[in-house]
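Report on the following structure.
Values in this document were obtained by computation on a predicted structure and should not be read as measured data. Side chains included, hydrogens not; waters and symmetry mates left out as well; all remaining heavy atoms used. We name chains A, B, ... by the order of the sequence lines, and we start the count at 1 in each one.
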Protein chains: 2
Amino acid sequence: MTTSVRRGRPGYDLDSLLQVAVTVFNERGYDGTSMEDLAARLGISKSAIYHHVSSKTELLRLATDHALDALTAVVSDPRGDTALDRLEAVLRGSVRILVAELPFVTLLLRVRGNTEVERRALSRRRELDHMLTALVHAAVDEGSLRPDIDPALTARLLFGTVNSLIDWYRPSRALTPDDLADALVTYALSGLHRGAA
Amino acid sequence: MTTSVRRGRPGYDLDSLLQVAVTVFNERGYDGTSMEDLAARLGISKSAIYHHVSSKTELLRLATDHALDALTAVVSDPRGDTALDRLEAVLRGSVRILVAELPFVTLLLRVRGNTEVERRALSRRRELDHMLTALVHAAVDEGSLRPDIDPALTARLLFGTVNSLIDWYRPSRALTPDDLADALVTYALSGLHRGAA
DNA sequence: ACTCTAACCAACCGAACGGTCGGTTTGCTG
DNA sequence: CAGCAAACCGACCGTTCGGTTGGTTAGAGT
(Lines give C-alpha, C1' and ligand atoms only; values in the text may rest on other atoms or scores of the structure.)
Protein backbone atom coordinates (compact mmCIF):
# COMPACT_ATOMS: atom_id res chain seq x y z
CA MET A 1 0.00 0.00 0.00
CA THR A 2 1.96 3.01 -1.23
CA THR A 3 -0.17 5.96 -0.19
CA SER A 4 1.72 8.68 -2.04
CA VAL A 5 1.77 12.02 -0.22
CA ARG A 6 -0.72 14.60 -1.47
CA ARG A 7 0.98 17.74 -2.76
CA GLY A 8 -0.37 21.24 -3.22
CA ARG A 9 -3.49 22.78 -1.73
CA PRO A 10 -5.69 20.21 0.02
CA GLY A 11 -9.27 19.69 -1.09
CA TYR A 12 -10.97 17.35 -3.51
CA ASP A 13 -8.98 15.16 -5.81
CA LEU A 14 -10.58 13.43 -8.78
CA ASP A 15 -11.67 10.37 -6.79
CA SER A 16 -13.31 12.18 -3.89
CA LEU A 17 -15.01 14.60 -6.27
CA LEU A 18 -16.30 11.75 -8.41
CA GLN A 19 -17.85 10.02 -5.42
CA VAL A 20 -19.87 13.09 -4.52
CA ALA A 21 -20.83 13.67 -8.15
CA VAL A 22 -22.15 10.14 -8.55
CA THR A 23 -24.19 10.48 -5.37
CA VAL A 24 -25.82 13.68 -6.58
CA PHE A 25 -26.40 12.23 -10.05
CA ASN A 26 -28.26 9.35 -8.44
CA GLU A 27 -30.39 11.65 -6.31
CA ARG A 28 -31.50 14.02 -9.06
CA GLY A 29 -30.68 12.08 -12.20
CA TYR A 30 -27.73 12.90 -14.47
CA ASP A 31 -29.67 15.24 -16.75
CA GLY A 32 -31.48 16.72 -13.77
CA THR A 33 -28.21 17.73 -12.10
CA SER A 34 -26.59 21.02 -13.14
CA MET A 35 -22.92 21.74 -12.63
CA GLU A 36 -24.08 24.47 -10.25
CA ASP A 37 -26.03 21.88 -8.20
CA LEU A 38 -22.90 19.80 -8.08
CA ALA A 39 -20.71 22.73 -7.03
CA ALA A 40 -23.13 23.63 -4.24
CA ARG A 41 -23.04 20.08 -2.87
CA LEU A 42 -19.26 19.97 -3.09
CA GLY A 43 -18.98 23.34 -1.38
CA ILE A 44 -16.75 24.71 -4.13
CA SER A 45 -17.38 26.90 -7.15
CA LYS A 46 -18.57 25.56 -10.46
CA SER A 47 -15.38 26.50 -12.26
CA ALA A 48 -13.34 24.58 -9.70
CA ILE A 49 -14.92 21.37 -10.95
CA TYR A 50 -13.37 21.99 -14.35
CA HIS A 51 -9.95 21.83 -12.73
CA HIS A 52 -10.60 18.10 -12.21
CA VAL A 53 -12.59 17.15 -15.32
CA SER A 54 -13.00 18.61 -18.76
CA SER A 55 -16.79 18.24 -18.96
CA LYS A 56 -19.91 16.95 -17.28
CA THR A 57 -19.84 14.04 -19.70
CA GLU A 58 -16.39 13.02 -18.49
CA LEU A 59 -17.77 12.60 -14.98
CA LEU A 60 -20.34 10.22 -16.38
CA ARG A 61 -17.72 8.33 -18.39
CA LEU A 62 -15.44 7.87 -15.38
CA ALA A 63 -18.33 6.67 -13.23
CA THR A 64 -19.81 4.19 -15.70
CA ASP A 65 -16.37 2.83 -16.62
CA HIS A 66 -15.67 2.24 -12.95
CA ALA A 67 -18.84 0.19 -12.55
CA LEU A 68 -18.37 -1.66 -15.81
CA ASP A 69 -14.76 -2.61 -15.09
CA ALA A 70 -15.78 -4.16 -11.77
CA LEU A 71 -18.75 -6.02 -13.22
CA THR A 72 -16.78 -7.25 -16.22
CA ALA A 73 -14.10 -8.71 -13.95
CA VAL A 74 -16.72 -10.67 -12.00
CA VAL A 75 -18.70 -11.95 -14.96
CA SER A 76 -15.72 -12.76 -17.18
CA ASP A 77 -14.10 -15.68 -15.43
CA PRO A 78 -16.35 -17.41 -12.92
CA ARG A 79 -14.92 -20.36 -10.96
CA GLY A 80 -16.77 -23.64 -10.67
CA ASP A 81 -16.75 -27.18 -12.06
CA THR A 82 -20.26 -27.17 -13.51
CA ALA A 83 -22.04 -24.44 -15.44
CA LEU A 84 -24.49 -24.19 -12.53
CA ASP A 85 -21.62 -23.55 -10.13
CA ARG A 86 -20.24 -20.89 -12.42
CA LEU A 87 -23.66 -19.29 -12.79
CA GLU A 88 -24.12 -19.16 -9.05
CA ALA A 89 -20.64 -17.65 -8.72
CA VAL A 90 -21.57 -14.94 -11.22
CA LEU A 91 -24.79 -14.19 -9.36
CA ARG A 92 -23.02 -13.90 -6.01
CA GLY A 93 -20.18 -11.89 -7.53
CA SER A 94 -22.61 -9.51 -9.21
CA VAL A 95 -24.42 -8.93 -5.94
CA ARG A 96 -21.10 -8.31 -4.21
CA ILE A 97 -20.00 -5.69 -6.76
CA LEU A 98 -23.43 -4.14 -6.93
CA VAL A 99 -23.37 -3.61 -3.18
CA ALA A 100 -19.74 -2.57 -2.94
CA GLU A 101 -20.05 -0.08 -5.79
CA LEU A 102 -23.73 0.72 -5.31
CA PRO A 103 -23.69 4.39 -6.42
CA PHE A 104 -21.61 3.67 -9.51
CA VAL A 105 -23.68 0.67 -10.58
CA THR A 106 -26.90 2.58 -9.90
CA LEU A 107 -25.80 5.37 -12.21
CA LEU A 108 -24.74 2.85 -14.85
CA LEU A 109 -28.08 1.09 -14.85
CA ARG A 110 -29.96 4.34 -15.41
CA VAL A 111 -28.05 5.47 -18.47
CA ARG A 112 -30.39 6.15 -21.40
CA GLY A 113 -28.14 6.44 -24.46
CA ASN A 114 -28.41 10.17 -25.22
CA THR A 115 -24.70 10.74 -25.81
CA GLU A 116 -21.81 8.74 -27.23
CA VAL A 117 -20.52 8.02 -23.72
CA GLU A 118 -23.89 6.61 -22.71
CA ARG A 119 -24.15 4.47 -25.82
CA ARG A 120 -20.72 2.99 -25.11
CA ALA A 121 -21.85 2.12 -21.60
CA LEU A 122 -25.01 0.46 -22.93
CA SER A 123 -22.90 -1.49 -25.39
CA ARG A 124 -20.62 -2.80 -22.65
CA ARG A 125 -23.67 -3.73 -20.58
CA ARG A 126 -24.97 -5.76 -23.49
CA GLU A 127 -21.70 -7.72 -23.57
CA LEU A 128 -22.20 -8.70 -19.94
CA ASP A 129 -25.76 -9.68 -20.77
CA HIS A 130 -24.53 -12.02 -23.50
CA MET A 131 -22.01 -13.66 -21.21
CA LEU A 132 -24.67 -14.41 -18.62
CA THR A 133 -27.03 -15.72 -21.27
CA ALA A 134 -24.35 -18.11 -22.53
CA LEU A 135 -23.81 -19.35 -18.98
CA VAL A 136 -27.54 -20.00 -18.49
CA HIS A 137 -27.61 -21.84 -21.79
CA ALA A 138 -24.76 -24.07 -20.65
CA ALA A 139 -26.48 -24.78 -17.35
CA VAL A 140 -29.66 -25.81 -19.16
CA ASP A 141 -27.67 -27.99 -21.57
CA GLU A 142 -25.93 -29.84 -18.75
CA GLY A 143 -29.32 -30.52 -17.20
CA SER A 144 -28.96 -28.31 -14.13
CA LEU A 145 -31.72 -25.84 -14.94
CA ARG A 146 -35.33 -26.48 -15.96
CA PRO A 147 -35.65 -26.71 -19.75
CA ASP A 148 -39.25 -25.44 -19.89
CA ILE A 149 -38.28 -21.77 -19.67
CA ASP A 150 -36.34 -20.33 -22.59
CA PRO A 151 -32.68 -19.76 -21.57
CA ALA A 152 -32.67 -16.23 -22.94
CA LEU A 153 -35.80 -15.44 -20.94
CA THR A 154 -34.30 -17.05 -17.86
CA ALA A 155 -31.21 -14.88 -18.21
CA ARG A 156 -33.37 -11.75 -18.49
CA LEU A 157 -35.30 -12.63 -15.35
CA LEU A 158 -32.10 -13.38 -13.44
CA PHE A 159 -30.36 -10.20 -14.55
CA GLY A 160 -33.50 -8.23 -13.81
CA THR A 161 -33.76 -9.60 -10.28
CA VAL A 162 -30.12 -8.79 -9.53
CA ASN A 163 -30.20 -5.32 -11.09
CA SER A 164 -33.40 -4.35 -9.31
CA LEU A 165 -31.51 -4.52 -6.02
CA ILE A 166 -30.23 -0.99 -6.62
CA ASP A 167 -33.76 0.33 -6.21
CA TRP A 168 -34.04 -0.58 -2.56
CA TYR A 169 -30.94 -2.21 -1.04
CA ARG A 170 -28.95 -0.07 1.37
CA PRO A 171 -26.07 -1.52 3.42
CA SER A 172 -27.12 -2.46 6.94
CA ARG A 173 -26.14 -4.79 9.75
CA ALA A 174 -29.54 -6.47 9.49
CA LEU A 175 -29.00 -7.50 5.88
CA THR A 176 -25.37 -8.00 4.90
CA PRO A 177 -24.29 -8.49 1.29
CA ASP A 178 -23.78 -12.19 1.98
CA ASP A 179 -27.28 -12.56 3.45
CA LEU A 180 -28.61 -10.77 0.41
CA ALA A 181 -26.75 -13.03 -2.01
CA ASP A 182 -27.96 -16.14 -0.14
CA ALA A 183 -31.58 -15.01 -0.28
CA LEU A 184 -31.35 -14.08 -3.93
CA VAL A 185 -29.75 -17.37 -4.98
CA THR A 186 -32.34 -19.34 -3.02
CA TYR A 187 -35.16 -17.29 -4.52
CA ALA A 188 -33.89 -17.60 -8.07
CA LEU A 189 -32.85 -21.24 -8.06
CA SER A 190 -35.19 -22.92 -5.58
CA GLY A 191 -38.17 -20.58 -5.70
CA LEU A 192 -40.47 -19.29 -3.00
CA HIS A 193 -42.82 -22.24 -2.61
CA ARG A 194 -42.61 -23.92 0.76
CA GLY A 195 -40.94 -27.28 0.34
CA ALA A 196 -39.35 -26.27 -2.96
CA ALA A 197 -35.99 -27.97 -3.55
CA MET B 1 -68.86 2.63 -26.97
CA THR B 2 -69.85 6.26 -27.59
CA THR B 3 -67.06 7.54 -29.79
CA SER B 4 -68.06 11.20 -29.86
CA VAL B 5 -67.23 12.92 -33.15
CA ARG B 6 -64.09 15.06 -33.10
CA ARG B 7 -64.84 18.73 -33.68
CA GLY B 8 -62.59 21.53 -34.88
CA ARG B 9 -59.29 21.31 -36.68
CA PRO B 10 -57.94 17.75 -36.76
CA GLY B 11 -54.57 16.96 -35.20
CA TYR B 12 -53.44 15.80 -31.80
CA ASP B 13 -55.79 15.69 -28.87
CA LEU B 14 -54.51 15.33 -25.32
CA ASP B 15 -54.41 11.53 -25.40
CA SER B 16 -52.57 11.11 -28.67
CA LEU B 17 -50.13 13.85 -27.72
CA LEU B 18 -49.50 12.25 -24.34
CA GLN B 19 -48.68 8.91 -25.94
CA VAL B 20 -45.98 10.44 -28.09
CA ALA B 21 -44.65 12.48 -25.19
CA VAL B 22 -44.30 9.42 -22.96
CA THR B 23 -42.47 7.56 -25.72
CA VAL B 24 -39.96 10.36 -26.15
CA PHE B 25 -39.54 10.77 -22.37
CA ASN B 26 -38.64 7.09 -22.19
CA GLU B 27 -36.14 7.32 -25.01
CA ARG B 28 -34.24 10.36 -23.74
CA GLY B 29 -35.32 10.57 -20.11
CA TYR B 30 -37.77 13.17 -18.81
CA ASP B 31 -35.12 15.72 -17.86
CA GLY B 32 -33.20 14.96 -21.03
CA THR B 33 -36.18 15.82 -23.22
CA SER B 34 -36.80 19.47 -24.09
CA MET B 35 -40.15 20.78 -25.21
CA GLU B 36 -38.46 21.53 -28.52
CA ASP B 37 -37.42 17.84 -28.83
CA LEU B 38 -41.01 16.92 -28.16
CA ALA B 39 -42.39 19.38 -30.70
CA ALA B 40 -40.02 18.07 -33.36
CA ARG B 41 -41.15 14.50 -32.76
CA LEU B 42 -44.82 15.53 -32.84
CA GLY B 43 -44.28 17.50 -36.01
CA ILE B 44 -45.85 20.62 -34.52
CA SER B 45 -44.45 23.77 -32.95
CA LYS B 46 -43.43 24.00 -29.33
CA SER B 47 -46.13 26.54 -28.49
CA ALA B 48 -48.79 24.23 -29.91
CA ILE B 49 -48.05 21.78 -27.11
CA TYR B 50 -49.15 24.41 -24.61
CA HIS B 51 -52.60 24.37 -26.18
CA HIS B 52 -53.02 20.87 -24.70
CA VAL B 53 -51.14 21.12 -21.41
CA SER B 54 -50.09 23.96 -19.16
CA SER B 55 -46.56 22.74 -18.47
CA LYS B 56 -44.01 20.00 -19.02
CA THR B 57 -44.69 18.85 -15.49
CA GLU B 58 -48.36 18.32 -16.29
CA LEU B 59 -47.38 15.84 -19.00
CA LEU B 60 -45.44 13.90 -16.40
CA ARG B 61 -48.31 14.05 -13.94
CA LEU B 62 -50.86 12.77 -16.45
CA ALA B 63 -48.56 9.95 -17.48
CA THR B 64 -47.63 8.75 -14.00
CA ASP B 65 -51.24 9.00 -12.78
CA HIS B 66 -52.35 6.87 -15.73
CA ALA B 67 -49.88 4.14 -14.81
CA LEU B 68 -50.58 4.35 -11.10
CA ASP B 69 -54.36 4.17 -11.52
CA ALA B 70 -54.05 0.98 -13.55
CA LEU B 71 -51.58 -0.64 -11.16
CA THR B 72 -53.58 0.35 -8.09
CA ALA B 73 -56.70 -1.26 -9.52
CA VAL B 74 -54.86 -4.55 -10.06
CA VAL B 75 -53.08 -4.67 -6.72
CA SER B 76 -55.99 -3.43 -4.60
CA ASP B 77 -58.48 -6.25 -4.78
CA PRO B 78 -56.98 -9.53 -5.95
CA ARG B 79 -59.28 -12.56 -6.27
CA GLY B 80 -58.39 -15.89 -4.76
CA ASP B 81 -59.25 -18.15 -1.82
CA THR B 82 -55.78 -18.36 -0.34
CA ALA B 83 -53.19 -15.63 0.11
CA LEU B 84 -50.99 -17.52 -2.34
CA ASP B 85 -53.73 -17.41 -4.96
CA ARG B 86 -54.18 -13.70 -4.40
CA LEU B 87 -50.43 -13.12 -4.60
CA GLU B 88 -50.24 -15.00 -7.88
CA ALA B 89 -53.20 -12.98 -9.17
CA VAL B 90 -51.42 -9.75 -8.28
CA LEU B 91 -48.24 -10.91 -10.02
CA ARG B 92 -50.12 -11.87 -13.18
CA GLY B 93 -52.19 -8.69 -13.07
CA SER B 94 -49.09 -6.53 -12.62
CA VAL B 95 -47.43 -8.18 -15.61
CA ARG B 96 -50.59 -7.63 -17.65
CA ILE B 97 -50.75 -3.91 -16.83
CA LEU B 98 -47.04 -3.48 -17.20
CA VAL B 99 -47.22 -4.90 -20.71
CA ALA B 100 -50.47 -3.16 -21.70
CA GLU B 101 -49.27 0.21 -20.43
CA LEU B 102 -45.56 -0.36 -20.98
CA PRO B 103 -44.53 3.22 -21.84
CA PHE B 104 -46.49 4.73 -18.96
CA VAL B 105 -45.23 2.24 -16.40
CA THR B 106 -41.68 2.61 -17.69
CA LEU B 107 -41.82 6.35 -17.17
CA LEU B 108 -43.32 5.88 -13.71
CA LEU B 109 -40.58 3.52 -12.59
CA ARG B 110 -37.85 5.97 -13.56
CA VAL B 111 -39.15 8.96 -11.63
CA ARG B 112 -36.50 10.36 -9.27
CA GLY B 113 -38.36 12.71 -6.93
CA ASN B 114 -37.06 16.10 -8.12
CA THR B 115 -40.43 17.85 -8.15
CA GLU B 116 -43.65 17.69 -6.16
CA VAL B 117 -45.34 15.69 -8.93
CA GLU B 118 -42.55 13.12 -8.85
CA ARG B 119 -42.64 12.83 -5.08
CA ARG B 120 -46.39 12.18 -5.20
CA ALA B 121 -45.79 9.42 -7.72
CA LEU B 122 -43.11 7.86 -5.51
CA SER B 123 -45.48 8.03 -2.57
CA ARG B 124 -48.22 6.20 -4.44
CA ARG B 125 -45.69 3.59 -5.56
CA ARG B 126 -44.78 3.00 -1.93
CA GLU B 127 -48.43 2.29 -1.13
CA LEU B 128 -48.48 -0.43 -3.76
CA ASP B 129 -45.27 -1.80 -2.30
CA HIS B 130 -46.87 -2.05 1.13
CA MET B 131 -49.91 -3.86 -0.22
CA LEU B 132 -47.74 -6.48 -1.91
CA THR B 133 -45.64 -6.88 1.21
CA ALA B 134 -48.75 -7.50 3.29
CA LEU B 135 -49.87 -10.14 0.81
CA VAL B 136 -46.51 -11.92 0.95
CA HIS B 137 -46.69 -11.83 4.73
CA ALA B 138 -50.12 -13.46 4.65
CA ALA B 139 -48.89 -16.15 2.25
CA VAL B 140 -45.98 -16.97 4.56
CA ASP B 141 -48.28 -17.05 7.58
CA GLU B 142 -50.69 -19.49 5.93
CA GLY B 143 -47.71 -21.74 5.16
CA SER B 144 -47.67 -21.33 1.39
CA LEU B 145 -44.29 -19.63 1.07
CA ARG B 146 -40.94 -20.62 2.55
CA PRO B 147 -40.44 -19.01 5.95
CA ASP B 148 -36.63 -18.88 5.74
CA ILE B 149 -36.59 -15.70 3.64
CA ASP B 150 -37.84 -12.54 5.31
CA PRO B 151 -41.27 -11.58 3.88
CA ALA B 152 -40.23 -7.97 3.31
CA LEU B 153 -37.16 -9.16 1.42
CA THR B 154 -39.26 -11.62 -0.56
CA ALA B 155 -41.61 -8.81 -1.56
CA ARG B 156 -38.69 -6.68 -2.71
CA LEU B 157 -37.30 -9.50 -4.84
CA LEU B 158 -40.70 -10.18 -6.36
CA PHE B 159 -41.44 -6.55 -7.09
CA GLY B 160 -37.95 -6.14 -8.49
CA THR B 161 -38.34 -9.07 -10.85
CA VAL B 162 -41.67 -7.80 -12.16
CA ASN B 163 -40.54 -4.20 -12.52
CA SER B 164 -37.34 -5.15 -14.31
CA LEU B 165 -39.44 -6.40 -17.21
CA ILE B 166 -39.68 -2.85 -18.54
CA ASP B 167 -35.95 -2.91 -19.28
CA TRP B 168 -36.21 -5.55 -21.96
CA TYR B 169 -39.73 -6.81 -22.69
CA ARG B 170 -41.25 -5.71 -25.99
CA PRO B 171 -44.55 -7.16 -27.26
CA SER B 172 -44.05 -9.96 -29.77
CA ARG B 173 -45.81 -13.00 -31.11
CA ALA B 174 -42.96 -15.17 -29.81
CA LEU B 175 -43.51 -14.10 -26.21
CA THR B 176 -47.06 -13.04 -25.38
CA PRO B 177 -47.96 -11.36 -22.10
CA ASP B 178 -49.51 -14.63 -20.90
CA ASP B 179 -46.35 -16.60 -21.72
CA LEU B 180 -44.38 -13.98 -19.89
CA ALA B 181 -46.59 -14.14 -16.81
CA ASP B 182 -46.39 -17.96 -16.80
CA ALA B 183 -42.60 -17.93 -16.98
CA LEU B 184 -42.31 -15.29 -14.29
CA VAL B 185 -44.64 -17.05 -11.87
CA THR B 186 -42.84 -20.35 -12.41
CA TYR B 187 -39.46 -18.67 -11.90
CA ALA B 188 -40.51 -16.82 -8.78
CA LEU B 189 -42.49 -19.56 -7.07
CA SER B 190 -40.88 -22.80 -8.21
CA GLY B 191 -37.38 -21.61 -9.04
CA LEU B 192 -35.02 -22.48 -11.84
CA HIS B 193 -33.59 -25.76 -10.56
CA ARG B 194 -34.46 -28.79 -12.63
CA GLY B 195 -36.95 -30.88 -10.75
CA ALA B 196 -38.04 -27.99 -8.54
CA ALA B 197 -41.69 -28.25 -7.41
C1' DA C 1 -71.57 30.45 -47.18
C1' DC C 2 -71.03 31.31 -42.48
C1' DT C 3 -69.85 29.93 -37.78
C1' DC C 4 -67.82 27.59 -34.25
C1' DT C 5 -64.32 24.77 -32.31
C1' DA C 6 -60.01 23.06 -31.69
C1' DA C 7 -55.41 22.84 -33.30
C1' DC C 8 -51.82 25.35 -34.62
C1' DC C 9 -47.56 28.90 -35.38
C1' DA C 10 -43.62 32.70 -35.50
C1' DA C 11 -41.50 35.60 -32.57
C1' DC C 12 -40.21 36.49 -28.34
C1' DC C 13 -38.75 36.53 -22.95
C1' DG C 14 -36.00 35.92 -18.66
C1' DA C 15 -33.63 32.34 -16.41
C1' DA C 16 -30.63 28.56 -16.27
C1' DC C 17 -27.45 25.82 -18.72
C1' DG C 18 -22.44 23.94 -19.66
C1' DG C 19 -18.27 25.85 -20.13
C1' DT C 20 -14.14 29.57 -20.24
C1' DC C 21 -10.98 32.95 -18.54
C1' DG C 22 -7.27 35.08 -15.87
C1' DG C 23 -5.90 35.31 -11.64
C1' DT C 24 -5.64 33.86 -6.41
C1' DT C 25 -5.14 30.90 -2.27
C1' DT C 26 -3.28 27.08 0.39
C1' DG C 27 0.10 24.16 2.44
C1' DC C 28 3.93 21.03 1.77
C1' DT C 29 8.93 20.85 0.59
C1' DG C 30 13.75 22.18 0.17
C1' DC D 1 10.98 31.65 3.66
C1' DA D 2 11.01 31.01 -1.27
C1' DG D 3 9.12 28.03 -4.70
C1' DC D 4 6.01 24.98 -6.45
C1' DA D 5 1.96 22.19 -7.16
C1' DA D 6 -2.68 21.65 -6.77
C1' DA D 7 -7.08 23.47 -5.68
C1' DC D 8 -9.85 27.13 -6.04
C1' DC D 9 -12.83 31.61 -7.35
C1' DG D 10 -15.72 35.62 -9.60
C1' DA D 11 -17.09 37.28 -13.74
C1' DC D 12 -18.40 36.30 -17.94
C1' DC D 13 -20.06 33.96 -22.70
C1' DG D 14 -23.08 31.90 -26.16
C1' DT D 15 -26.78 28.65 -26.17
C1' DT D 16 -30.80 26.32 -24.76
C1' DC D 17 -34.37 25.97 -21.51
C1' DG D 18 -39.57 26.16 -20.20
C1' DG D 19 -43.00 29.16 -21.11
C1' DT D 20 -45.93 33.45 -23.19
C1' DT D 21 -48.11 36.33 -26.55
C1' DG D 22 -51.24 37.50 -30.20
C1' DG D 23 -52.86 35.92 -33.63
C1' DT D 24 -53.96 32.19 -37.89
C1' DT D 25 -55.79 27.85 -40.10
C1' DA D 26 -58.47 23.62 -41.02
C1' DG D 27 -62.59 21.18 -41.02
C1' DA D 28 -67.43 19.75 -39.13
C1' DG D 29 -72.15 21.41 -38.43
C1' DT D 30 -76.03 24.13 -40.02
Side-chain angles (χ1 to χ4, degrees), chain A residues 2-22 24-25 27-64 107 111-112 114-118, chain B residues 2-22 24-64 107 111-118:
Chain A
T2 54
T3 338
S4 65
V5 190
R6 290 277 298 277
R7 313 266 308 250
R9 182 176 175 174
Y12 292 101
D13 61 358
L14 181 55
D15 278 346
S16 55
L17 183 140
L18 185 59
Q19 273 207 5
V20 176
V22 169
V24 181
F25 286 160
E27 283 174 11
R28 312 167 74 100
Y30 174 75
D31 285 317
T33 304
S34 71
M35 293 303 267
E36 195 57 58
D37 289 337
L38 212 47
R41 177 68 74 89
L42 289 159
I44 62 178
S45 74
K46 189 176 58 163
S47 55
I49 299 174
Y50 287 91
H51 170 71
H52 300 278
V53 291
S54 68
S55 67
K56 189 184 176 186
T57 303
E58 189 182 356
L59 283 170
L60 186 62
R61 186 176 55 75
L62 291 169
T64 53
L107 187 59
V111 150
R112 303 298 318 137
N114 286 345
T115 65
E116 197 51 44
V117 165
E118 300 187 34
Chain B
T2 54
T3 338
S4 65
V5 190
R6 291 276 301 277
R7 314 266 307 251
R9 182 175 175 175
Y12 292 101
D13 62 357
L14 179 55
D15 278 346
S16 55
L17 183 140
L18 186 59
Q19 274 206 7
V20 176
V22 169
V24 181
F25 286 160
N26 283 332
E27 284 175 11
R28 314 168 72 100
Y30 174 75
D31 285 317
T33 304
S34 72
M35 293 302 268
E36 194 56 58
D37 290 336
L38 212 47
R41 177 68 74 91
L42 289 160
I44 61 179
S45 74
K46 189 175 59 161
S47 54
I49 299 174
Y50 286 91
H51 170 71
H52 300 277
V53 290
S54 68
S55 67
K56 189 184 175 185
T57 303
E58 189 183 354
L59 282 170
L60 184 63
R61 186 177 56 74
L62 290 169
T64 53
L107 187 59
V111 150
R112 304 299 317 140
N114 287 344
T115 65
E116 197 51 43
V117 165
E118 300 187 34

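Closest to the B:Ser45 side chain, of the nucleotides C:dC9, D:dC9, D:dG18, is C:dC9.
For the OP1/OP2 pair of D:dA7 and a distance below 4.0 Å, the side-chain nitrogens and oxygens of A:His51 include at least one atom meeting the criterion. Between A:Tyr50 and C:dG19, a side-chain N or O to OP1/OP2 separation shorter than 4.0 Å is present. At the phosphate of C:dC17, OP1 or OP2 sits under 4.0 Å from a side-chain N or O atom of A:Ser34. Of the side-chain N and O atoms in A:His52, one or more sit less than 4.0 angstrom from OP1 or OP2 of D:dC8.
Between A:Leu14 atom CG and D:dC8 atom C1' there is a gap of 16 Å when expressed in whole angstrom units. Put simply, CG on A:Leu38 is 14 Å from C1' on C:dG19, counting in whole angstrom units. In this structure, A:Leu42 places its CG atom 14 Å from C1' of D:dC9, rounding to the nearest Å. In this entry the distance linking NZ of A:Lys46 with C1' of D:dA11 reads 11 Å, nearest Å. Atom OH in B:Tyr30 sits about 10 Å away from atom C1' in D:dG18, given to the nearest Å. Distance A:Glu58 CD to C:dG19 C1': 13 Å, rounded to the nearest Å. The distance between atom CE of B:Met35 and atom P of C:dC8, rounded to the nearest whole Å, is 13 Å. Counting to the nearest Å, the P atom of C:dG27 and the OH atom of A:Tyr12 are 16 Å from each other.
Taking 3.5 Å as the limit, the base of D:dG10 and the side chain of A:Ser47 contain a donor-acceptor pair of atoms between them. Side-chain atoms of A:Arg9 and base atoms of D:dA6 include no donor and acceptor less than 3.5 Å apart. Not a single donor-acceptor pair, N or O on each side, falls under 3.5 Å between the base of D:dG19 and the side chain of B:Lys56.
Toward the 5' end of DNA chain C, the nearer of the two residues A:Pro10 and B:Pro10, judged by each one's closest nucleotide, is B:Pro10. Of the two residues contacting DNA chain D, namely B:Thr33 and A:Gly11, the nearest-nucleotide position lying further toward the 5' end is that of A:Gly11.
With hydrogens and angles disregarded, a donor-acceptor distance shorter than 3.5 Å links the side chain of A:Arg112 to the backbone of B:Asn26. Using a distance-only test at 3.5 Å, with no hydrogens or angles considered, a donor-acceptor pair links the side chain of A:Lys56 to the main chain of A:Tyr30.
Annotation for A:Leu18 and A:Leu59: closest pair CD1-O, 3.6 Å, computed over non-hydrogen atoms.
A:Leu42 CG to A:Ser16 OG: the interatomic distance, rounded to the nearest 0.5 Å, is 8.5 Å.
For the pair B:Glu27 and B:Arg41, the minimum side-chain heavy-atom distance is below 4.5 Å.
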